[in-house]
Peer 1: 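Submitted below is the structure of interest, expressed as structure tokens.
Sequence lines set the chain letters: A, B, ... in the order given, protein chains first and strands last, and positions in each chain run from 1.
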Protein chains: 2
Amino acid sequence: MSESRPRIVPEATVARLAVYLRVLAGLADGGRSSVSSGELASAAGVNPAGLRKDLSYLGPCGVRGVGYSVAGLRERLTEVLGGERSRPCVLVGIGRLGSALADYAGFASRGFQFVGLLDSDPRTVGTEVGGLPVHPAEELEAVVARTGATIGVITTPAEVAQTVCDRLVAAGVRSILNFAPVALTVPAGVDVRKVDLSVELQVLAFLDQQRDGSAPVVAALRADPQESVR
Amino acid sequence: MSESRPRIVPEATVARLAVYLRVLAGLADGGRSSVSSGELASAAGVNPAGLRKDLSYLGPCGVRGVGYSVAGLRERLTEVLGGERSRPCVLVGIGRLGSALADYAGFASRGFQFVGLLDSDPRTVGTEVGGLPVHPAEELEAVVARTGATIGVITTPAEVAQTVCDRLVAAGVRSILNFAPVALTVPAGVDVRKVDLSVELQVLAFLDQQRDGSAPVVAALRADPQESVR
DNA sequence: AACCGCTTGTGAACGCCTGAACAAAGTCGC
DNA sequence: GCGACTTTGTTCAGGCGTTCACAAGCGGTT
């Protein structure tokens, strides 16, 4: 039932909710007890009306004329985002990026817990990263089964990412965060989010160039067709 | 002049062009000389029609009935994305994430060159990361001026990110890639792209939860209004 | 107890991006 | 030399996300 359930909360909204949650944590530390949508939006870098629309997906959770209760909104967001119970994650590929992620304090404080680190390099296996031992890649299925992890993070080289992905899915992982620069193929029912660091830089370079020389790209667009058609 | 110039190439398209460029590099290494839109789209993980639409922004660059020339398309994309001349970048905050980025092979091979690494920790300053020496944070302005860097990457703790950002902008940097979990405020004419790793995980957790317990969030949405309105 | 100002929540319009179907064009085979 | 097949480039419609503007509701004040 509810096979083709329409997404109740847009994915873009979910991403922003996570941002609001972090801002709220900062406000709570500062001793604030209530916030207005304008202030919260400013801190999160979004439009106030958009923020209110985002929050409206969770039902009414503010008080008109006053604002939002910092503690109350925080609790609601935590519940909605699934941070109530800490979610076990496995991380495959303990290179420099993988090590950085394993040791990233931002994860643990937000209810995420890496329960298994895996790598295929014998020199890395057996070492400790962020207080956790690195297991050999062969134990992937065993680690997933033992910990019941449903989220996997891939920070391996691109060549082996698809293989790792297949093994994760076969082992029961249904949500994957992929840092390898390849498009992963997964069966229906599995979610993949891709973070491509070099693409981010390249987009910046494009915007940079577009500003620099009075938009050379546009000039190229106007001039090239004649050359290439000829 | 051209104050409010409409964006000729949509930003979402630019991001995908970078992906196509990488796929093309792999194909070139494999000895391929031409590709069809279907094959390229499959490797990039997008819709074939969308890919053709993306490429059409650059003017006609394929041959009907045959496909795209791997070498030709690669050259065109490289030119458009501004990777022709290598763009100097500075990286501020040489923690674990910063070190990973500085040493990330994917950047150097794509025309990006880190010309300055900066950190405020005396224990980090003076060490070498990825073959480059780490300079003290005080030299930020000097490094930017000397290298002519126009792109800055921020991997500092959230508390100092805005200060670092202000100094980068004042020194002449106009494109910033921000990994710190805060919304940066910049003057008009400066582009900021934000990568938030914990948000990515949190979105995955949400999708995970939404699948798990027959969408408890939806249940909450249906039940709450009655309670709170009453 | 009633008024006033402030803030939320929501409805509608706008624009952008995505996905699918069609026409143009070039090449290969006969 | 001609026909047919393949593949690009484009046009159109649909959906999604964002933004603006207004009505509803609550607290503080007199």
Peer 1: Round to the nearest Å and state the distance from B:Asp54 atom CG to D:dT8 atom P.
Peer 2: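 Roughly 14 Å, once rounded to whole Å.
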Peer 1: In terms of side-chain heavy atoms of B:Pro60, which of C:dT8, C:dT18, D:dG9 is nearest?
Peer 2: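 My answer, after comparing the listed nucleotides, is D:dG9.
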Peer 1: Give one of base, sugar-phosphate or nothing for B:Gly50, where a contact means two heavy atoms less than 4.0 Å apart.
Peer 2: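 Touches nothing.
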Peer 1: Given C:dT27, D:dT8, C:dA20, which nucleotide is nearest the side-chain atoms of B:Val66?
Peer 2: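 Comparing C:dT27, D:dT8, C:dA20 against the side chain of B:Val66, the answer is C:dT27.
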Peer 1: Of all heavy-atom pairs between B:Leu140 and B:Ala171, which one has the smallest distance, and what is that distance?
Peer 2: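 Scanning both residues, the minimum pair turns out to be CD2-CB, 4.5 Å.
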Peer 1: Which listed nucleotide (D:dC20, C:dT8, C:dC17) is nearest to the side chain of B:Pro10?
Peer 2: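 For B:Pro10, the side-chain atoms sit closest to C:dC17.
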Peer 1: Rounded off to whole Å, could you give me the OH-to-P distance for the A:Tyr68 and D:dC26 pair?
Peer 2: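 For the pair A:Tyr68 OH and D:dC26 P, the rounded distance is 14 Å.
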Peer 1: From the set D:dA21, C:dG19, C:dA12, return the single nucleotide nearest to any side-chain atom of A:Lys53.
Peer 2: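 Taking heavy atoms from C-beta onward, the closest nucleotide is C:dA12.
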Peer 1: Quick check: on DNA chain D, is the nucleotide nearest B:Ser36 upstream (toward 5') of the one nearest A:Val63, or the reverse? Name the residue that is more 5'.
Peer 2: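 Closest to the 5' end, via its nearest nucleotide, is B:Ser36.
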Peer 1: Round to a whole Å and report the spacing from CD1 of A:Ile8 to P of D:dC16.
Peer 2: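 In whole Å, D:dC16 P lies 12 Å from A:Ile8 CD1.
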Peer 1: Check whether any side-chain nitrogen or oxygen of A:Tyr57 sits under 4.0 Å from OP1 or OP2 of C:dT10, and answer yes or no.
Peer 2: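 False: A:Tyr57 side-chain N/O out of range (4.0 Å or more) of C:dT10 OP1/OP2.
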Peer 1: Any side-chain N or O of A:Ser37 under 4.0 Å from OP1/OP2 of C:dT8?
Peer 2: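 So the side-chain polar atoms of A:Ser37 do come within 4.0 Å of the phosphate oxygens OP1 or OP2 of C:dT8, strictly under.
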Peer 1: Give a yes or no on this: more than 12 heavy atoms of other residues, nucleotides or ligands lie within 6.0 Å of atom CZ of A:Arg167.
Peer 2: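 Yes, because the 6.0 Å sphere around CZ of A:Arg167 holds more than 12 heavy atoms from other groups.
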Peer 1: Under 4.0 Å: is that the gap between some side-chain N or O of A:Arg16 and OP1 or OP2 of D:dG17?
Peer 2: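 For D:dG17, OP1/OP2 do not have a side-chain N/O of A:Arg16 under 4.0 Å.
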Peer 1: Report yes or no: do A:Thr13 and A:Asp54 form a side-chain donor-acceptor pair below 3.5 Å?
Peer 2: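 Note: A:Thr13 and A:Asp54 side chains meet the donor-acceptor criterion.
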Peer 1: How about CZ on B:Arg193, more than 12 heavy atoms from neighbouring residues, nucleotides or ligands closer than 6.0 Å, or not?
Peer 2: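 Enclosed: over 12 neighbouring heavy atoms sit under 6.0 Å from CZ of B:Arg193.
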Peer 1: Given atom CG of A:Leu51 and atom P of C:dT8, what is their separation to the nearest angstrom?
Peer 2: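 Interatomic distance, CG of A:Leu51 to P of C:dT8: 9 Å.
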Peer 1: Please state how far atom CG in A:Asn47 lies from atom P in C:dT7, giving the value in whole angstrom units.
Peer 2: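 Interatomic distance, CG of A:Asn47 to P of C:dT7: 16 Å.
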Peer 1: For A:Leu73 and C:dT8, give me the distance from atom CG to atom P, rounded to whole Å.
Peer 2: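 It works out to 11 Å between those atoms.
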Peer 1: Taking only N and O in the side chain of A:Arg64, is any of them less than 4.0 Å away from OP1 or OP2 of D:dA23?
Peer 2: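 For D:dA23, OP1/OP2 do not have a side-chain N/O of A:Arg64 under 4.0 Å.
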Peer 1: Tell me the interatomic distance from A:Leu55, atom CG, to C:dT10, atom P, rounded to whole angstroms.
Peer 2: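 Value for this atom pair: 11 Å.
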Peer 1: Is a donor from one side chain sitting under 3.5 angstrom from an acceptor on the other, for B:Arg22 and A:Ser198?
Peer 2: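 A donor-acceptor contact under 3.5 Å links the two side chains.
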Peer 1: Quick one: which of C:dT8, C:dA21, D:dT18 gets closest to the side chain of A:Arg52?
Peer 2: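 Shortest atom-to-atom distance from the side chain points to C:dT8.
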